[in-house]
2 protein chains.
Amino acid sequence: MLSKRLKSVRKTKGLTQEELAKRVKTTKGTISNYENGHSTPSNEMLKDLADALDTTTDYLLGRTNKIDGSSLQSEGEFNDPDLQIAFRDAADFSEETKQQAIDFIKYLKEKEKNRSKDKDKNF
Amino acid sequence: MLSKRLKSVRKTKGLTQEELAKRVKTTKGTISNYENGHSTPSNEMLKDLADALDTTTDYLLGRTNKIDGSSLQSEGEFNDPDLQIAFRDAADFSEETKQQAIDFIKYLKEKEKNRSKDKDKNF
DNA sequence: TAACTAAGAAATTCTTAGCCC
DNA sequence: GGGCTAAGAATTTCTTAGTTA
């Protein structure tokens with residue numbers, strides 16, 4: 001899966017194996033090995049490849065069909081802005097107060113757990 | 001990077017190393033090795049981990065700060081790992097419980113403010 | 001119970017070089 | 001130029017078992 005995607009993305013970008021190799025600091029032989037399934041890149045190399053080809057590791061690994069990486073890499077998108085603000089504040093707390101916040105969250109977590117346990121007792 | 005994220009996501013989901021190990025068909029020792037940086041998962045394992053933990057390989061590898069569609073965080077803004085974990089936990093709370101967390105942090109914030117105001121006083 | 005680590009076995013990758021088209 | 005592959009060296013992972021908290 002990775003081999004096919006790596007090859008197709010590279011070709012889409014109009015790169016040769018050697019050009020890609022230079023970008024990720026390896027040799028064309030290694031890139032060829034990846035593309036023919038004779039070996040697989042390390043995690044670090046996987047990231048480098050995704051960077052060099054402007055895609056995502058999830059795409060290269062076949063976990064998603066989205067090629068473009070820009071959406072995944074966008075940062076700072078939070079579902080719950082209030083929660084985000086609260087925790088940014090908490091990050092500035094003194095250690096003592098921070099611990100109080102953490103403890104309270106733990107307490108809430110336990111409460112949530114028991115709540116869902118009552119809903120479905122499947123084990 | 002992967003080690004830290006793997007650990008925090010696993011804890012967020014309330015799993016032990018052994019439980020996670022079973023999900024991805026390996027042993028707890030191997031999971032421990034990942035989390036302590038003694039080894040790194042193969043690409044196949046990386047996918048399995050992302051599946052088991054309901055996140056992305058890009059997140060586990062540190063290419064993005066988005067955990068997934070639902071819960072999220074921004075590493076780097078929070079130096080405190082425990083606070084990070086608490087934040088992720090809170091993101092999964094029900095709306096009602098989430099609000100309690102937010103309110104409590106607001107309360108702590110007020111307390112902190114007064115505390116620094118009263119620095120001179122003894123108590 | 002949960003997590004960490006040492007050590008050796010086992011498996012994999014990387015490099016080099018040569019080959020083909 | 002562009003890409004493919006063999007073989008061995010080099011590196012890494014995985015497993016087991018014992019240890020720690």
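In what follows, chains carry the letters A, B, and so on, assigned in the order in which the sequence lines appear, proteins first and then strands, with residues in each chain numbered from 1.
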If you assign A/K28 and A/K25 each to the DNA chain C nucleotide with the nearest heavy atom, which residue ends up on the more 5' nucleotide? A/K25

Measuring to OP1 and OP2 of [N], would you say a side-chain N or O of [X] lies under 4.0 angstrom away?
X     : N      : answer
A/R10 : D/dG2  : no
A/S32 : D/dC4  : yes
B/N33 : C/dT5  : no
A/T40 : C/dT13 : yes
B/Y34 : D/dT13 : no
B/K7  : C/dC4  : yes
A/T26 : C/dT15 : yes

Electrostatic pair B/D51-A/R63, nearest N-O below 4.0 angstrom: yes

So does B/E19 pair up with B/R10, basic N to acidic O under 4.0 Å? no

What's the closest nucleotide to the B/S39 side chain, out of D/dT13, D/dT5, C/dA2? D/dT13

Could you check whether A/T30 gets within reach of a base, just the sugar-phosphate, or nothing at all, counting any heavy atom under 4.0 Å? base

Atom of A/L60, atom of A/R5 and distance for their closest heavy-atom approach: O-CB, 4.0 Å

Find out if a path of hydrophobic residues (ILVMFWY) with successive side-chain heavy-atom gaps under 4.5 Å connects A/M1 to A/Y34. no

Rounded to 10°, tell me the angle between the two end axes of the helix from C/dT1-D/dA21 to C/dC21-D/dG1, each built from five pairs. 40°

